[in-house]
There are 2 protein chains.
Amino acid sequence: MSGSRPSRRRSAYRELADDLRADVLGQRYPEGVRLPTEAELARTYRVSRQTVRRAFQDLVAEGLVQRVPGRGTFAAQRDSRYLRQFGSVEDLMSLSVDTKMQVSSPLRRQIDVDAASRLQLESDAVHTLAFRRLHDEVPFCHTTVWLPPEVGERLRSVPELAAPGAVSTVTVIGLLDERLPSPITDAEQSITVAAAPETVAVELHCEPELPLLRIDRLYSTADGQRAELAISHFLPEQYSYRVRLRRGPR
Amino acid sequence: MSGSRPSRRRSAYRELADDLRADVLGQRYPEGVRLPTEAELARTYRVSRQTVRRAFQDLVAEGLVQRVPGRGTFAAQRDSRYLRQFGSVEDLMSLSVDTKMQVSSPLRRQIDVDAASRLQLESDAVHTLAFRRLHDEVPFCHTTVWLPPEVGERLRSVPELAAPGAVSTVTVIGLLDERLPSPITDAEQSITVAAAPETVAVELHCEPELPLLRIDRLYSTADGQRAELAISHFLPEQYSYRVRLRRGPR
DNA sequence: CGTTATTTGTGCGTATGTATT
DNA sequence: AAATACATACGCACAAATAAC
């Protein structure tokens with residue numbers, strides 16, 4: 001489904017690419033199963049073969065599909081996808097496929113000079129929120145999120161973020177992308193090691209001061225506004241950050 | 001084996017994309033300088049405008065250039081290039097811009113079951129090498145490299161890797177890329193936290209067991225062969241892993 | 001073994017729309 | 001308003017790889 005944004009008109013090849021992307025990410029083409037051919041897609045979508053090809057070019061560039069002349073188009077195997085695990089903004093949005101989030105500190109207004117500064121705000125007021133992420137009911141990650149006030153206001157009415165203990169499969173970035181006037185297009189992240197703060201240790205059932213993987217992410221919208229600051233701590237025993245890098249065509 | 005391929009003619013748009021890529025990476029289009037227009041390139045390369053567009057599509061997907069309707073095509077600024085294809089490994093190859101490497105354990109043959117297994121080798125014999133990386137004469141990273149024997153042999157004659165204490169500005173991946181018959185096209189990396197092993201602690205002048213950022217990288221060539229396994233430990237005080245993510249075309 | 005049908009890859013032409021200068 | 005430059009979309013022809021016969 002497209003978001004609730006004023007539905008800016010999307011080109012035919014992007015619509016098609018979106019559909020195909022959703023199908024591939026939704027595991028609808030398991031190993032060895034061929035995607036529809038260019039001719040088939042052109043027919044069912046009432047577009048030219050060139051338009052279908054244009055859509056596939058994006059999916060190939062994203063590493064989601066592989067195409068073989070004479071054979072067809074296939075979903076890339078999960079472990080051969082480069083930069084698809086947690087490497088793109090889309091992946092951060094679809095994080096909820098394997099994991100659930102549980103609110104530990106509901107969305108509220110707060111004064112935080114550091115966060116406000118990193119979000120490049122005039123005032124020191126921000127909205128903040130904290131939650132754990134669970135995999136198979138086991139917490140492996142704690143995240144604190146800070147939002148500019150005007151961004152936070154747009155999440156006021158989201159029930160998934162309102163109650164302590166609430167469990168859901170949403171992502172903050174996913175929620176924002178549907179509600180902000182300008183889509184989130186960039187994230188800058190920094191990965192380092194940090195000792196577990198007291199509150200995080202409690203939530204993750206680990207010793208305070210235990211070394212954790214710390215990932216800071218600062219998200220920006222297409223028009224350059226900072227939209228979200230997230231600081232996550234991961235239990236290294238249960239999580240490692242994986243990226244597959246690829247080199248350009250030849 | 002059929003040996004050397006008859007080097008089939010590269011398609012026009014790839015030739016063009018290669019030229020443009022080299023120009024952009026070679027800093028030939030500084031900030032604000034427009035690349036040639038589609039019409040100009042079509043004229044000088046004697047191809048159609050569609051072929052020029054096809055070449056640019058790859059460069060855009062690689063994040064190397066930005067295109068603005070009505071204005072033109074521009075090289076993406078280095079710090080706004082999102083980590084996509086090999087941006088990172090070319091960053092790794094040009095790591096030597098800011099840093100130097102100092103050999104602590106020269107290239108030699110060794111038996112290592114774990115490394116051989118991760119390199120998918122038949123036998124347990126590998127070549128190995130260890131070095132530090134220095135920034136402003138301060139060590140901030142220790143790396144151990146394992147290579148398949150036939151790959152290691154190709155580095156036998158490299159003086160920069162032969163003597164303990166040797167300081168140089170090379171990178172192993174850069175050396176390999178020049179010497180291997182098939183180029184290195186993939187890297188899979190995993191980032192986690194690890195306590196400093198004794199030998200690493202000595203080299204980095206830190207306490208043993210100090211939590212470090214550990215990055216494993218497994219490089220593969222275009223024909224799918226594993227070419228190098230590198231395990232690096234970074235001092236978190238002096239290094240954090242930064243990535244800029246961008247969203248696919250929406 | 002070659003032949004044929006299928007499927008993707010390359011290249012170009014045209015037309016029209018949109019954004020910027 | 002006009003010119004410039006990129007974006008989208010469709011059409012066609014032929015090449016190359018693959019699979020089935």
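Proteins get letters first, then strands, A, B, ... in listed order; numbering begins at 1 in each. No experiment lies behind these values; they were computed from the predicted model shown.
A/Arg226 contributes a side-chain N or O that, together with a main-chain N or O of A/Arg118, makes up a donor-acceptor pair within less than 3.5 Å. Remark: the backbone N or O of A/Leu175 is paired with a side-chain donor or acceptor of A/Arg179 at under 3.5 angstrom. A donor-acceptor contact shorter than 3.5 Å is absent between the side chain of A/Thr221 and the backbone of A/Ile184. In this structure a side-chain-to-backbone donor-acceptor pair under 3.5 Å is present from A/Glu40 to A/Thr37.
One finds no side-chain N or O of A/Arg67 lying less than 4.0 angstrom from the OP1 or OP2 phosphate oxygen of D/dA17. Dashed line: the shortest gap from a side-chain N or O of A/Arg53 to OP1 or OP2 of C/dG9 is under 4.0 Å. Taking 4.0 angstrom as the limit, A/Ser48 places none of its side-chain polar atoms (N or O) nearer than this to OP1 or OP2 of D/dA9. Taking side-chain N and O atoms only, B/Arg49 has no distance below 4.0 Å to OP1 or OP2 of C/dC12.
Of all nucleotides listed (C/dT20, C/dT8, C/dC12), C/dT8 comes nearest to the side chain of A/Glu38. Nearest nucleotide to the side chain of A/Thr51, out of D/dC10, D/dA5, D/dA7: D/dC10. Considering only the side chain of A/Arg71, D/dT18 comes nearest among C/dC12, C/dT10, D/dT18. Of the candidate nucleotides D/dC6, D/dA9, D/dA5, D/dC6 has the atom lying nearest to any side-chain atom of B/Thr73. Considering only side-chain atoms of A/Arg34, the nucleotide from C/dT7, D/dT8, C/dC12 that sits closest is C/dT7.
Relative to the ring axis of A/Phe56, A/Arg67 places its NZ or CZ within 45° and under 6.0 Å from the centre.
With a 3.5 Å ceiling on both atom-pair distances, D/dA1 lacks any Watson-Crick or G-U wobble partner.
Under the 4.5 Å side-chain criterion, counting only non-hydrogen atoms from C-beta, B/Ile231 is in contact with B/Arg214.
Not a single donor-acceptor pair, N or O on each side, falls under 3.5 Å between the base of C/dG9 and the side chain of B/Arg14. Judged by distance alone, with hydrogens and angles left aside, B/Gln50 brings a side-chain donor or acceptor within reach of the base of C/dT14, the pair sitting under 3.5 Å.
Rounded to whole angstrom, the span from the CG atom of A/Leu41 across to the P atom of C/dT7 amounts to 11 Å. Put simply, OH on A/Tyr13 is 11 Å from C1' on D/dA9, counting in whole angstrom units. In this structure, OH of B/Tyr45 is placed 17 Å from C1' of C/dG11, rounded to the nearest angstrom. The nearest whole Å value for the distance from the CZ atom in B/Arg54 to the P atom in D/dA9 is 16 Å. Atom CD in A/Glu40 sits about 13 Å away from atom C1' in C/dT8, given to the nearest Å. Distance CZ (A/Arg43) to C1' (C/dT7): 14 Å, rounded to an integer number of Å. Summarising the geometry, the separation between CD on B/Gln57 and P on D/dA9 is reported as 12 Å, rounded to the nearest angstrom. Look at CZ on B/Arg10: it is 15 Å from P on C/dG9, rounded to the nearest Å.
Note on A/Ala12: only backbone sugar-phosphate atoms sit closer than 4.0 angstrom, heavy atoms only; bases stay farther off.
In terms of position on DNA chain D, the residue among A/Pro69 and B/Pro36 whose nearest nucleotide sits closer to the 5' end is B/Pro36.
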